[in-house]
Amino acid sequence: MALKNLRENSYPDWYQNVVAAADMAEVSSSPGCMVIKPWGYGIWERIQRMLDEKIKETNHENCYFPLFIPLSYFQKEAEHVEGFAKEMAIVTHSRLSMEDGKLVPASPLDEPLIVRPTSETIIADSFSKWVHSYRDLPVLINQWANVVRWEMRPRLFLRTREFLWQEGHTAHATFDEAEKEAETMLNVYEDLCVNDMAMPVIKGKKPEYDKFPGAVTTYCIEAMMQDGRSLQAGTSHFLGQNFAKSADIKFINTNNEPEYAYTTSWGVSTRLIGGLIMTHADDEGMCVPPKLAPQQVIIIPIIKDKSKAAEITAYAEKLRDALKSQIFAGEKVRVRFDNRPKEAVDKMWEWTRKGAPLIVEVGAKDLEKNAVMFRNRIHINQDGWKNFEDVDVFIATVAEKLQTIQDEMLARAKARLDGNIVTDIKTAAEFEAYFANNNVYLDNGGKAPKVAFVRGKWCGDEATLDKLKEMRLTIRCIPFDQSGSEGECLLSGKKGATLDVIYARSY
RNA sequence: CGGGACGUAGUUCAGCCUGGUAGAGCGCUUGCAUGGGGUGCAAGAAGUCGGAGGUUCAAAUCCUCUCGUCCCGACCA
């Protein structure tokens, strides 16, 4: 029996159903916020660990800046102010007092504090104190933090008022070095998404109108969800000297002249988990790529005859310990022996909905044959879901099996992305016809709208943005691999457009 | 923040129109049977009906306000 809400009926309902069925998160009583439950947080911890390693490999160090940012700091960078003059949490009082039996805010602050929506301004302030000479550069730091944006329409993992992320901030002596840094970190994100999350992405930069407020260039990676909508999975900004000028990050260069530093910032958030769900989950629940799975192998004892319970338990524990000594992707295999007092069949389905890659069932028959029965989550209801194997062979090949699953998940996701980028729309008329209704299907049978990405020309004129909005589309990015050819702009119909862009509906 | 739907047991929901003893499925607890693809039978526990005010002899039900959730939109990681 699959989930109550299937993908083909209602994608949003299905999404929430997966989050609940996999027990990853739930809506909190605190409005707009989520409670990330152990399985969901475990996935986040895996993302953190893998990304943190990559961040450190590229010479960045972690540190921590305040949650509260004085309002005036926010006001320093003109574009930043405008771009971020949106819903934010503002601290205006410093205590509560009791009046008529009710708690009311008291002691107004001289200057309100903003609960950080992002930390460019407060970090730039520190950088201005740290940087005096070209010898102090580059400054390469990162922080793991929570941020708050007062979203009006929250969705678990994809958009919540408070979310967890990492934000890297760097300062450099030259334009080129900073620009290269922004690209390097975009590549780090791509590596994380592709090789660890099995979620292929398109790399590119945002059009001018869609840049981060205050950025010179915003680079991004875009992933395709199963409904054909695009999810911005990560961004990396080259900020030029904009923030350096407003925060006065100045240094003496090698020519003994004062110069403003060049800064970057880059981040990914718990939104990646939403992307992971919409990339890999199916109508039976979540599927977690082995590298990200908090538990990669689940062992469930099957005890029919209670007199054999001790024997089966001992067998399972021995198997657990042997598996734990195996190495997959440079780490010990993560194994859980699930001996909770529950029905074996319930445990099996629970872990299936959570998306643990391998579920092993051990019972009396296995003891006799010195074997195991294991299920491969991503082959559910197909050949290869249920497998029998000699226990020693299983132990010896568990890392190999996990790698195969990881590879297969990437291959599936990649096939979906590659197979659903429409490239043969060459005129504005064809383009309009293609999106004439919401019922453009990627595959047959589905009732929910699934719209492919269209890769085509854009003239770059901002007058085309109205048309875009009308069609409920967005320009996801200007991909790095430009063809350089000329053609008709799919929005304006103008000839001689040279930019290749990705048009898609988005999250 | 605009448009729509909705808040009743842990959960999914019925009951509301036409006011009069608080209901069901799943889940939970116990027992027996079962057990390698989502168990069966029996018994049991569990809700000041989102909150506040109003109408009434009487409110889950009618009225007002409020808070929250979901969907669509705008906005965004």
Side-chain angles (χ1 to χ4, degrees), chain A residues 1-5 10-13 15-17 20-21 26-34 83-88 117-118 145-167 189 206 210 212-213 218 220-223 230-237 265-275 284-285 300-306 308-309 312 341-353 359-367 369 371-375 380-382 385-388 438 448-449 469-470 472 474 505-507:
Chain A
M1 191 172 65
L3 298 178
K4 191 177 163 192
N5 299 299
S10 167
Y11 204 76
D13 289 343
Y15 175 81
Q16 292 186 85
N17 208 164
E26 64 191 21
V27 172
S28 167
S29 304
S30 178
C33 296
M34 67 175 163
F84 265 99
K86 43 193 81 165
E87 285 83 3
M88 291 193 291
T118 179
N146 55 338
V147 287
V148 169
R149 299 178 189 179
W150 212 256
E151 299 294 347
M152 290 296 145
R153 192 183 161 193
R155 304 186 65 183
L156 291 175
F157 290 116
L158 296 173
R159 190 187 300 103
T160 46
R161 285 189 181 162
E162 180 189 14
F163 58 91
L164 305 180
W165 76 347
Q166 120 330 278
E167 50 179 327
Y189 290 155
K206 287 290 183 190
D210 199 22
F212 176 75
T218 289
C220 62
I221 45 174
E222 296 285 330
S230 181
L231 183 80
Q232 184 175 306
T235 51
S236 180
H237 315 290
S265 67
W266 26 275
V268 296
S269 72
T270 37
R271 176 179 248 203
L272 284 176
I273 298 174
E284 298 285 348
I300 298 172
I302 308 291
I303 299 168
K304 293 188 198 179
D305 177 356
K306 289 202 170 66
K308 288 193 175 157
I312 292 169
K342 282 193 166 192
E343 301 280 352
V345 72
D346 288 342
K347 288 192 268 191
M348 189 275 277
W349 284 107
E350 188 180 308
W351 288 109
T352 299
R353 288 189 296 269
I359 299 174
V360 180
E361 297 173 27
V362 294
K365 289 183 207 163
D366 305 294
L367 262 70
K369 293 185 286 188
V372 292
M373 193 275 266
F374 69 93
R375 297 174 194 273
I380 190 164
N381 297 327
Q382 302 162 8
W385 184 31
K386 198 172 163 182
N387 310 274
F388 298 90
N438 290 335
K469 190 170 259 184
E470 194 184 298
R472 291 177 49 221
T474 57
R505 297 210 204 285
S506 75
Y507 276 97

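Scope of the values below: all heavy atoms of this structure, side chains included, with no hydrogens, waters or symmetry mates. Quick note on labels: first sequence line is chain A, next is B, and so on, each numbered from 1.
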Residue [X], side-chain atoms from C-beta onward, closest of [options]:
X: A/Lys304; options: B/rG36, B/rU69, B/rA74; value: B/rG36
X: A/Met373; options: B/rC1, B/rG36, B/rG35; value: B/rG36
X: A/Pro31; options: B/rC75, B/rG36, B/rG68; value: B/rG68
X: A/Gln16; options: B/rA77, B/rG38, B/rC71; value: B/rC71
X: A/Asp13; options: B/rC75, B/rG73, B/rC71; value: B/rC71
X: A/Pro12; options: B/rC75, B/rC71, B/rG37; value: B/rC71

Find which nucleotide of RNA chain B each of A/Ile302 and A/Phe163 is nearest to by heavy atoms, and output the residue with the more 5' nucleotide. A/Ile302

Note: for A/Ile380 and A/Pro154 on RNA chain B, the residue whose nearest nucleotide lies more 5' is A/Ile380

Assign [X] to base, sugar-phosphate, or nothing according to its heavy-atom contacts below 4.0 angstrom with the strands shown.
X: A/Val27; value: sugar-phosphate
X: A/Ala364; value: base
X: A/Lys4; value: sugar-phosphate
X: A/Leu158; value: base
X: A/Arg353; value: base
X: A/Thr474; value: nothing
X: A/Trp385; value: base
X: A/Gly275; value: nothing
X: A/Glu151; value: base

Is the shortest heavy-atom distance from the side chain of A/Glu350 to the side chain of A/Glu343 under 4.5 Å? no

Name the pairing partner of [N], where a pair is Watson-Crick or G-U wobble with both distances under 3.5 Å, or state none.
N: B/rU69; value: B/rA5
N: B/rC75; value: none
N: B/rC28; value: B/rG44
N: B/rC57; value: B/rG20

Go through the structure and list residues passing side-chain hydrogen bond (donor to acceptor under 3.5 Å, both in side chains) with [X], not counting sequence neighbours.
X: A/Thr160; result: none
X: A/Ser506; result: A/Arg476
X: A/Asn146; result: A/Arg116, A/Glu162
X: A/Glu151; result: none

Just by distance, do the side chain of [X] and the backbone of [Y] share a donor-acceptor pair under 3.5 Å?
X: A/Arg149; Y: A/Pro117; answer: yes
X: A/Tyr189; Y: A/Cys220; answer: no
X: A/Arg505; Y: A/Arg472; answer: yes

Whole Å only: how far is the [atom1] atom of [X] from the [atom2] atom of [N]?
X: A/Met152; N: B/rC71; atom1: CE; atom2: P; answer: 16 Å
X: A/Leu156; N: B/rC70; atom1: CG; atom2: P; answer: 7 Å
X: A/Glu350; N: B/rG37; atom1: CD; atom2: P; answer: 17 Å
X: A/Tyr189; N: B/rA77; atom1: OH; atom2: C1'; answer: 11 Å
X: A/Lys347; N: B/rG37; atom1: NZ; atom2: P; answer: 15 Å
X: A/Ile303; N: B/rG36; atom1: CD1; atom2: P; answer: 13 Å
X: A/Met34; N: B/rA77; atom1: CE; atom2: P; answer: 16 Å
X: A/Glu284; N: B/rG37; atom1: CD; atom2: C1'; answer: 10 Å

[atom1] atom, [N] versus [M]: distance in rounded Å?
N: B/rG68; M: B/rC57; atom1: P; result: 35 Å
N: B/rU12; M: B/rG20; atom1: P; result: 26 Å
N: B/rG4; M: B/rU39; atom1: C1'; result: 42 Å
N: B/rC16; M: B/rC63; atom1: C1'; result: 14 Å
N: B/rG44; M: B/rA5; atom1: C1'; result: 37 Å
N: B/rC67; M: B/rA74; atom1: C1'; result: 23 Å
N: B/rA58; M: B/rC71; atom1: P; result: 41 Å
N: B/rU61; M: B/rG3; atom1: C1'; result: 27 Å

Is any side-chain N or O of A/Arg149 under 3.5 Å from a base N or O of B/rC76, one able to act as donor and the other as acceptor? no

All N/O contacts under 3.5 Å from nucleotides 25-28 of chain B to the protein, with atom names and distances to one decimal?
none

I want to check one thing: is the phosphate of B/rG73, taken as OP1 and OP2, less than 4.0 Å away from some side-chain N or O of A/Arg472? yes

Closest non-hydrogen atom pair, A/Gly274 against A/Phe157: N-CB, 3.8 Å

Across all chains, not counting sequence neighbours, the salt bridge (charged side-chain N to carboxylate O under 4.0 Å, His left out) partners of A/Glu361 are A/Arg375

Can you classify the ring geometry of A/Phe212 versus A/His237 as parallel (below 30°), tilted (30 to 60°) or perpendicular (above 60°)? parallel

Should A/Trp349 be counted as stacked on B/rG37, where stacking needs a ring-centre gap under 5.5 Å and an angle between planes under 30 degrees? no

